Student: 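Just dropping this structure here.
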Amino acid sequence: MSKLYIVPTPIGNLEDMTFRAIRVLKEVDLILAEDTRTSGKLLKHFDIGTHMHSHHMHNEHKTIENIIARLKSGESIALISDAGTPAISDPGFLLTRACIEHKIEVECLPGATAFVPALVNSGLPNDKFVFEGFLPDKKGRQTRYLALSEETRTMILYVSPHKLIKTLSEFSTYFGEDRLICVSRELSKMHEENIRGSVKEVLNHFENKPPKGEIVITIAGKSNK
C-alpha cells in the first residue's frame, strides 16, 4: 500500500531510535535522506539495507513530482533527515503537502526532536510556548525580534554555534540582559549541557567558553507584571 512515512532519527544518541522506526525503514521500498552519507551510517548501524535517494532543501522542488509518481504506483517511501523529525527546520513540508494534495496517505512516527527536551530541561514555563526555529540571517531579523520582544509565551530558537554570541548580544538589546534563558547544547550526547540564567550570565559564560555542537535556546516570555 502506498504511503509516505515521516520517520524521526536520533539527534545524537543512537539508542533513541525506536523499534518501529527501524521496522518501517526496513520495510519501505525507498528511503529519502537529507544526506545519504550521514544516513548511511545510521542505516548500517541498524542493518537496514533499503535503497536511499537524496532529498534535501536544494533539490526538493525538483524531486517531488517523481516521488509522487512512485507513491501513486504503489510504492511506500520513508523520509528521514540527518537528525530529528523531518519538516521541523528540515525538508519535509513540501513533500507532505504534495502527498495530501494527491490524496496519498502520510504517517508521521513519533520520535526524537531537539526542541522538546530543551524546553523541558530549561525549567521555564512549558504549558504554552512558541517554536521559532532559525531566525532570518539578515532581512527580517530585526522585525522578528521586535515581535518576539512582546511575546509572553516561552520561546524556542535553533542557533548555530558560531552565531551564538551574536544572538545572545541581540537578546540583551531586544529582551533585556535580565531575561531568563537556557542554552541547551549537544542534547542526548555525551557532552550535553544546559546553561541556565539571565541573558547577561549566559552570555558571559559562552564568551569565556566558546560553544560547540548543536544548540537550542529557550527564552522566558515577557512578564505581564
Side-chain angles (χ1 to χ4, degrees), residues 8-13 16 34 57 81-94 108 110-225:
T9 56
I11 60 174
N13 193 323
D16 292 335
E34 187 177 3
M57 63 180 293
S81 60
D82 289 347
T85 301
I88 304 297
S89 295
D90 277 321
F93 165 69
L94 294 179
C108 181
T113 189
F115 74 82
V116 173
L119 173 62
V120 175
N121 283 338
S122 72
L124 297 172
N126 55 32
D127 55 331
K128 296 179 181 180
F129 63 92
V130 56
F131 173 67
E132 283 289 317
F134 290 98
L135 290 176
D137 282 335
K138 294 180 180 178
K139 186 177 180 181
R141 190 176 181 90
Q142 183 181 28
T143 301
R144 286 309 305 150
Y145 271 130
L146 290 173
L148 293 175
S149 67
E150 298 299 319
E151 176 61 65
T152 58
R153 295 168 293 180
T154 300
M155 297 164 278
I156 307 168
L157 301 175
Y158 286 166
V159 180
S160 59
H162 70 278
K163 294 181 180 178
L164 180 61
I165 299 299
K166 172 190 174 183
T167 301
L168 293 176
S169 297
E170 292 169 339
F171 284 1
S172 291
T173 300
Y174 293 98
F175 303 138
E177 62 180 18
D178 295 326
R179 183 76 67 95
L180 293 179
I181 66 171
C182 175
V183 174
S184 298
R185 189 182 68 82
E186 294 291 81
L187 287 165
S188 85
K189 301 176 184 177
M190 183 180 298
H191 300 293
E192 174 179 336
E193 66 175 359
N194 297 279
I195 306 300
R196 306 172 182 88
S198 67
V199 170
K200 181 179 180 180
E201 291 168 338
V202 175
L203 175 57
N204 181 67
H205 171 86
F206 284 107
E207 283 178 334
N208 291 288
K209 184 181 178 182
K212 296 179 181 180
E214 301 294 325
I215 292 172
V216 185
I217 305 181
T218 310
I219 310 156
K222 181 180 179 181
S223 174
N224 287 319
K225 295 180 181 181

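Note that the structure is predicted; figures quoted are calculated from it, not measured. Here, residue 1 is the first one in the sequence, and each next residue gets the next number.
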Student: Please give me the minimum heavy-atom distance between Glu177 and Ser198, naming the atom from each residue.
Tutor: O-CB, 3.4 Å
Student: More than 12 non-hydrogen atoms from neighbouring residues, nucleotides or ligands closer than 6.0 Å to NZ on Lys189, yes or no?
Tutor: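 Count over threshold, so yes.
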Student: Does Ser122 reach the main-chain N or O of Ile181 with its side chain, forming a donor-acceptor pair under 3.5 Å?
Tutor: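 It does not hold such a pair.
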Student: Please report the shortest heavy-atom distance between Thr167 and Ile217, naming the atom on each side.
Tutor: CG2-CD1, 4.3 Å
Student: Rounded to the nearest 0.5 Å, how far does CG of Leu148 lie from OG1 of Thr143?
Tutor: 10.5 Å
Student: For residues Arg196 and Asn121, report the shortest heavy-atom separation together with the two atoms involved.
Tutor: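 Scanning both residues, the minimum pair turns out to be NH2-O, 2.7 Å.
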Student: For Glu193, does the CD atom have more than 12 heavy-atom neighbours from other residues, nucleotides or ligands under 6.0 Å away?
Tutor: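 Yes - once you tally the heavy atoms of other residues, nucleotides and ligands closer than 6.0 Å, there are more than 12.
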Student: Is any side-chain heavy atom of Arg141 closer than 4.5 Å to one of Glu170?
Tutor: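 Yes; the side chains approach each other to less than 4.5 Å.
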Student: Hey, mind stepping through Ile219 and Arg179 against side-chain contact (heavy atoms from CB on, under 4.5 Å) and telling me if it holds?
Tutor: CA-CA 8 Å; Ile219 310 156; Arg179 183 76 67 95; 4.0 Å; yes
Student: Under the salt bridge (charged side-chain N to carboxylate O under 4.0 Å, His left out) rule, collect the residues that match up with Glu132, sequence neighbours excluded.
Tutor: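 By the salt bridge (charged side-chain N to carboxylate O under 4.0 Å, His left out) rule, Glu132 matches Arg144.
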Student: Heavy atoms only: give me the nearest Val199-Ser172 pair and the separation to one decimal.
Tutor: CG1-OG, 3.4 Å
Student: Name the one of Leu124, Val116, Ile156 that satisfies side chain to side chain contact (heavy atoms under 4.5 Å, CB included) with Phe129?
Tutor: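 Of the listed options, the one satisfying the test is Ile156.
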Student: Is there a side-chain contact between Leu203 and Ser169 (heavy atoms, below 4.5 Å)?
Tutor: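 They are in contact (side-chain heavy atoms under 4.5 Å apart), so the answer is yes.
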Student: Taking the six-membered ring where the residue is Trp, are the ring centres of Phe115 and Tyr158 under 6.0 Å apart?
Tutor: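 No - the distance between ring centres of Phe115 and Tyr158 does not fall below the 6.0 Å cut-off.
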Student: I'd like to check the side chain to side chain donor-acceptor pair (under 3.5 Å) partners of Glu214; sequence neighbours left out, ordered by chain and number.
Tutor: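 Glu214 satisfies side chain to side chain donor-acceptor pair (under 3.5 Å) with no other residue.
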Student: Write down the atom of Phe206, the atom of Pro211, and the distance for their closest heavy-atom approach.
Tutor: CD2-CB, 3.8 Å
Student: Which value, rounded to the nearest 0.5 Å, describes the distance between Lys212 atom NZ and Arg185 atom CZ?
Tutor: 8.5 Å
Student: If the condition is salt bridge (charged side-chain N to carboxylate O under 4.0 Å, His left out), which residues does Lys163 pass it with, not counting sequence neighbours?
Tutor: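 Salt bridge (charged side-chain N to carboxylate O under 4.0 Å, His left out) list for Lys163, sorted by chain: Asp137.
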Student: Minimum heavy-atom separation for Gly111 to Thr85, with atom names?
Tutor: O-OG1, 4.2 Å
Student: Might you work through the side-chain contact (heavy atoms from CB on, under 4.5 Å) test for Tyr145 and Leu135, ending with a clear yes or no?
Tutor: CA-CA 9 Å; Tyr145 271 130; Leu135 290 176; 3.6 Å; yes
